[in-house]
Amino acid sequence: MSEWPIRVILAQPRGFCAGVERAIDIVERALALYGPPVYVRHEIVHNGHVVEGLRARGARFVDEVDEIPNGAVTIFSAHGVSMAVETMARARDLRVIDATCPLVTKVHREGRRYAANGFDVILIGHKGHAEVDGTIGQIGGTVHLVSSVADVMDLRPCDPDRVAYVTQTTLSVDDAHEIIKALVARFPRIVGPHVNDICYATQNRQVAVRELAQRVDVVLVVGAANSSNSNRLREIGAGMGKPCYLIGDAGAIDTAWFDGVSSVGITAGASAPEVLVSGVVDHLASLRPIRLETLSGVIENVRFRLPYELDPNRVA
Ligand code: SF4
């Protein structure tokens with residue numbers, strides 16, 4: 001590789017959102033308060049580095065609650081769970097601490113309210129994602145999952161005048177907008193949230209990666225392959241016409257990506273820790289001299305309260 005300096009530009013904001021910080025904090029505090037092992041249903045957030053770090057400290061990750069000993073401390077992941085999982089946990093007398101992101105819980109509440117009022121609920125989201133499975137299982141009534149405009153054409157609700165929609169929190173804002181437009185065209189009386197349920201963190205990171213991709217030759221998105229919001233960031237970067245790679249960490253970098261390149265942009269999904277971004281910067285610096293900059297962008301100061309049992313500010 002050549003030795004001329006490469007500009008490395010970091011997106012702002014990037015990486016951890018308030019829901020992910022809270023979920024990790026919950027596991028750490030539960031370990032400190034109750035001692036290991038603490039059981040966690042599914043990955044607490046979609047990032048292998050985070051999961052391995054917590055596993056090393058005594059968290060045990062399971063697929064289903066029937067793998068957890070009766071009465072054990074159990075944490076539900078940030079993506080939320082269905083009512084069936086809650087019921088199963090109660091039946092096993094598990095000591096549940098819910099790390100579901102409050103913005104996911106808000107979608108659950110909206111969906112339940114629509115279903116209770118006799119609406120078929122259309123959930124815009126990705127089949128098989130943990131949040132989607134949990135949301136379907138929280139709404140209770142008739143839920144139709146749509147992932148594309150084409151899916152909208154296949155919908156057969158009980159009453160086309162009694163339909164409502166909610167959305168997964170980590171969609172592409174543009175894709176969701178197109179699907180909502182198609183829903184409104186097909187069901188003019190459809191009701192739903194004012195715009196969509198895509199969370200502030202997802203929206204901010206999508207705006208930032210668009211800005212970043214305008215300024216650089218190559219975009220790197222640090223995030224896990226199963227992280228929905230990270231995949232959306234990669235798609236948006238690629239959609240801006242720039243080579244855009246989703247990487248778990250610096251080890252996934254292929255130096256050939258930087259041949260003839262003078263600037264590299266880096267962002268990170270909402271579940272990717274900043275230490276992984278630093279690792280990517282250090283790796284680039286080991287290849288070529290770098291000039292590091294950070295874009296100006298939204299400074300987030302959202303914080304969510306901890307569950308009562310772990311809240312250090314609770315009134316005894
Ligand atoms: Fe909550 Fe949004 Fe973060 Fe998901 S990405 S945990 S919905 S703040």
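Each ligand, and each atom within it, is numbered from 1 in the order the structure gives.
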Using only heavy-atom distances, determine whether the side chains of R109 and T105 contain a donor-acceptor pair under 3.5 Å. no

For atom 4 (Fe) of ligand 1, find the nearest protein heavy atom and state the residue, atom name and distance (0.1 Å precision). T169 OG1, 4.0 Å

In terms of side-chain heavy atoms, does T100 have a donor or acceptor partner in D98 at a distance below 3.5 Å? yes

Suppose we only count N/O/S atoms under 2.8 Å; would C17 qualify as near atom 2 (Fe) of ligand 1? no

Starting from atom 5 (S) of ligand 1, what is the nearest protein heavy atom, named by residue and atom, and what distance separates them? C199 SG, 3.6 Å

Once you measure the plane-to-plane angle for H129 and H46, does it fall in the parallel (<30°), tilted (30-60°) or perpendicular (>60°) bin? perpendicular

Give a yes or no on whether C101 keeps an N, O or S atom under 2.8 Å from atom 3 (Fe) of ligand 1. no

Looking only at non-hydrogen atoms, find the nearest pair between E300 and P13 and report the distance. OE2-CG, 3.5 Å

Rounded to the nearest 0.5 Å, how far apart are CG of L292 and CD1 of I6? 11.5 Å

Short list, please: which atoms of ligand 1 are under 4.0 Å from a heavy atom of G19? 6 (S), 8 (S)

